[in-house]
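Report on the structure given below.
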Amino acid sequence: MLALSYNHLPHHLKPCFLCLGAFPEDEKIPVQKLICLWVAEGFIQKIGQRSLEEVAEDYLMDLIQRSLVIVAQRRFDGRIKACRMHDLLHDLCLKKAREINFLQWIHNDKDTSPSSSSNYKIHNQPRLCVHPYSLLEFYHVPRSYSPAVQSLLCFRNEFDKKISYAGKPFDDLCSFICRTFKLLRVLDTWYISAFFSKELIQLVNLRYLAINLKYSCELPPSISNLSNLETLIIISTQWMKVILPCNVWKIPKLRHLYAKRGAKYGVSLCSEEAVMDHNHPSILENLRTITNFNPCGSIQDLFARTPYLTKLGICGSLVSDSGNLMFPNLEFLRHLETLKLDIDFFPRHPIALGEVKFPANIKRLTLKSTMLEWEEISVLGMLLPSLELLKLEDNAVFGLQWATTDGRFPQLKFLKMKGLNVRQWITCSSHFPSLQHLSLEWCRDLKEIPSSLGDILSLQLIEVNYCCSTVDESVRKIKEEQESIGNNWLKVLIREQLWNV
């Protein structure tokens with residue numbers, strides 16, 4: 001019966017389904033990562049004016065509606081954040097993948113991976129998935145089989161996460177991969193710390209690169225040689241930053257640039273060298289995502305050249321010599337929907353948001369350490385009428401009282417307050433008419449949640465974590481009051497409590 005479901009899949013959905021077998025059994029699969037892999041593999045065909053990512057979401061929804069994929073986690077707006085496969089479907093996926101030489105797992109534990117193979121017959125296998133403990137054997141893959149490999153993904157399971165990799169010969173992993181698999185289009189070594197090898201620059205067919213760097217480093221300017229690269233994901237330790245040269249903006253097909261835990265970016269697009277270089281694109285038409293962007297120099301020229309950005313995350317010191325917060329001018333980014341600002345150092349003087357130019361269509365905003373006054377948050381609601389998600393975290397706002405006003409957050413669905421010193425919150429249901437999810441975390445000084453929030457007809461969940469007992473009591477009271485009038489759909493989730501003396 002399961003095989004019939006696969007056999008009746010449209011031609012364009014079969015490789016998307018088989019690609020799910022590249023992930024370990026029972027693992028939550030981040031949709032963002034899955035879609036980037038689909039795009040890099042060439043499984044997604046552009047339809048009209050829609051982006052490849054939008055078409056890929058439709059493909060995923062089709063698989064879900066056919067009960068071949070399970071929704072594991074949703075975003076606040078109902079979109080799928082993570083998915084997974086039933087064990088039987090995962091087995092079917094691996095079986096079909098082996099039948100047509102679509103992918104192969106290399107695993108030294110035959111009992112935990114039905115697709116494992118100790119003889120490494122990987123000729124005509126375009127995709128390899130490897131567990132770290134199999135890398136010792138993986139080093140012995142015959143070189144004669146390697147030209148066929150187009151994708152290499154390394155994973156680890158829950159047991160592996162608790163094991164120290166000290167003494168394992170992973171330091172030369174990148175060099176080994178580059179020497180062995182020269183036609184790679186997808187390389188993901190996310191779960192294994194390694195050095196950045198200059199030989200990576202020779203993998204000119206790469207479309208997707210995810211690498212976990214063992215030490216901080218400055219990537220070479222020759223990274224622009226990866227002219228086919230679409231997704232670049234870099235992770236470094238929290239105290240060691242990676243520096244990306246300005247040549248990264250020369251990669252013409254680059255769509256997504258993720259820097260987990262931050263990276264410094266060179267932004268000198270208007271330098272004499274860049275102007276004279278005809279290979280340097282004046283407009284980065286494909287670029288959609290930049291995260292954890294710690295700019296080295298002025299960023300306004302970069303924004304003028306990235307008009308199609310939809311997601312932007314800026315971190316680092318955006319404070320001027322006088323101690324004022326330098327809010328970037330984002331008016332060029334008319335397609336921007338998601339914005340995250342994380343400031344390393346507190347500004348000396350609060351900023352007036354009325355002087356800042358935001359794109360009006362921003363839907364999701366996260367602020368950290370910006371030290372705004374609560375009055376400015378109301379101004380923010382006026383500047384961003386389409387705002388659906390607002391996260392105020394870790395001293396994003398400073399002040400003991402938040403008194404909201406009417407008509408400032410008409411579309412807001414998700415509100416998160418974390419690590420703020422606010423004591424009193426004065427509001428009413430009409431100020432947040434569309435709110436669905438309220439999250440409070442580490443707001444130690446807050447005394448209670450206004451009871452009027454319970455009257456918001458759209459409110460579905462109140463989540464409280466590490467707040468004082470009086471906040472927990474006010475939330476329980478809201479739930480009881482709503483149940484007394486027949487509102488049984490409001491859920492309350494209290495995870496951890498601070499015991500106040």
Side-chain angles (χ1 to χ4, degrees), residues 32 36 196 209-213 216-219 221 223-224 226 229-251 253-271 274 280-281 283-320 325-345 347 351 356-359 362-370 389 391 393-394 396:
Q32 190 177 71
C36 286
F196 184 88
L209 173 61
I211 184 169
N212 186 340
L213 295 177
S216 60
C217 67
E218 182 173 356
L219 302 191
I223 193 172
S224 60
L226 302 178
L229 195 63
E230 298 173 344
T231 299
L232 176 59
I233 305 174
I234 297 176
I235 186 173
S236 60
T237 55
Q238 192 168 5
W239 59 90
M240 294 179 179
K241 301 295 184 182
V242 175
I243 300 177
L244 290 173
C246 60
N247 279 24
V248 73
W249 312 121
K250 292 185 180 182
I251 304 176
K253 297 182 180 180
L254 191 63
R255 300 180 66 84
H256 306 287
L257 184 49
Y258 298 98
K260 304 294 183 180
R261 297 178 184 166
K264 287 190 175 182
Y265 297 71
V267 294
S268 301
L269 288 182
C270 56
S271 65
H280 200 299
I283 298 295
L284 303 174
E285 296 182 353
N286 295 307
L287 195 58
R288 298 292 183 270
T289 304
I290 303 177
T291 66
N292 288 328
F293 176 52
N294 189 346
C296 301
S298 174
I299 58 178
Q300 295 305 141
D301 185 68
L302 173 62
F303 291 157
R305 286 168 163 77
T306 56
Y308 301 106
L309 273 182
T310 60
K311 184 175 182 179
L312 173 64
I314 302 177
C315 65
S317 177
L318 296 179
V319 181
S320 66
L325 177 62
M326 296 187 301
F327 239 83
N329 183 357
L330 305 175
E331 63 178 335
F332 300 103
L333 308 180
R334 297 178 181 177
H335 296 270
L336 192 66
E337 294 185 351
T338 302
L339 175 62
K340 297 182 180 181
L341 292 175
D342 185 359
I343 310 303
D344 278 349
F345 304 101
I351 192 171
V356 178
K357 295 181 180 180
F358 288 100
I362 289 181
K363 296 181 179 180
R364 297 168 286 274
L365 177 64
T366 300
L367 298 177
K368 290 185 178 182
S369 305
T370 49
L389 175 146
K391 294 183 179 180
E393 302 181 356
D394 303 332

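Quick caveat: nothing in here was measured; it's all calculated off a predicted structure. Throughout, residue positions are numbered sequentially from 1 according to the sequence presented.
- Panel note: side chain T310, backbone L336; no donor-acceptor pair is recorded below 3.5 Å.
- Proximity of F303 to L333: side-chain heavy atoms (C-beta onward) are separated by under 4.5 Å at one or more points.
- For the pair T370 (side chain) and A396 (backbone), a donor-acceptor distance under 3.5 Å is present.
- K363 meets the salt bridge (charged side-chain N to carboxylate O under 4.0 Å, His left out) test with no other residue; sequence neighbours excluded.
- For the pair L219 and P245, the minimum side-chain heavy-atom distance is below 4.5 Å.
- In summary, E337 and R364 engage in a salt bridge, as defined by a charged side-chain N under 4.0 Å from a carboxylate O.
- Taking the six-membered ring where tryptophan is involved, the planes of Y308 and H335 are tilted, since the angle between them lies from 30° to 60°.
- Taking the side chain as every heavy atom from C-beta outward, L339 and T366 never approach each other to under 4.5 Å.
- Side-chain atoms of N247 come within 3.5 Å of backbone atoms of P221 as a donor-acceptor pair (strictly under, hydrogens ignored).
- When each of I235, I234, N292 is checked for a side chain to side chain contact (heavy atoms under 4.5 Å, CB included) with V242, only I234 meets the rule.
- Interatomic distance, T306 OG1 to N286 CG, rounded to the nearest 0.5 Å: 12.5 Å.
- K340 contributes atom NZ, which lies 11.5 Å from atom SG of C315 (distance to the nearest 0.5 angstrom).
- At least one donor-acceptor pair under 3.5 Å links the side chain of N329 to the backbone N or O of E331.
- Counting heavy atoms from C-beta on, the side chains of I223 and L232 come closer than 4.5 Å.
- Between W249 and L257, some side-chain heavy-atom pair lies under the 4.5 Å cut-off.
- Contact annotation: the side chain of D342 never approaches that of I314 to less than 4.5 Å [non-hydrogen atoms, C-beta and beyond].
- Rounding to the nearest 0.5 Å gives a distance of 10.5 Å between NZ of K253 and CG of L229.
- For the atom pair CG of L302 and CD1 of I290, the computed distance is 5.0 Å after rounding to the nearest 0.5 Å.
- With a 4.5 Å cut-off on side-chain heavy atoms, L309 and F332 do not count as touching.
- Here the side chain of T338 pairs no donor or acceptor atom with the backbone of L312 at under 3.5 angstrom.
- Residues H256 and R288 have side chains in contact (heavy-atom distance under 4.5 Å, counting atoms from C-beta outward).
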Take K368 and E393 through the test salt bridge (charged side-chain N to carboxylate O under 4.0 Å, His left out) and record every step on the way to the result.
CA-CA 5 Å; K368 290 185 178 182; E393 302 181 356; 3.5 Å; yes
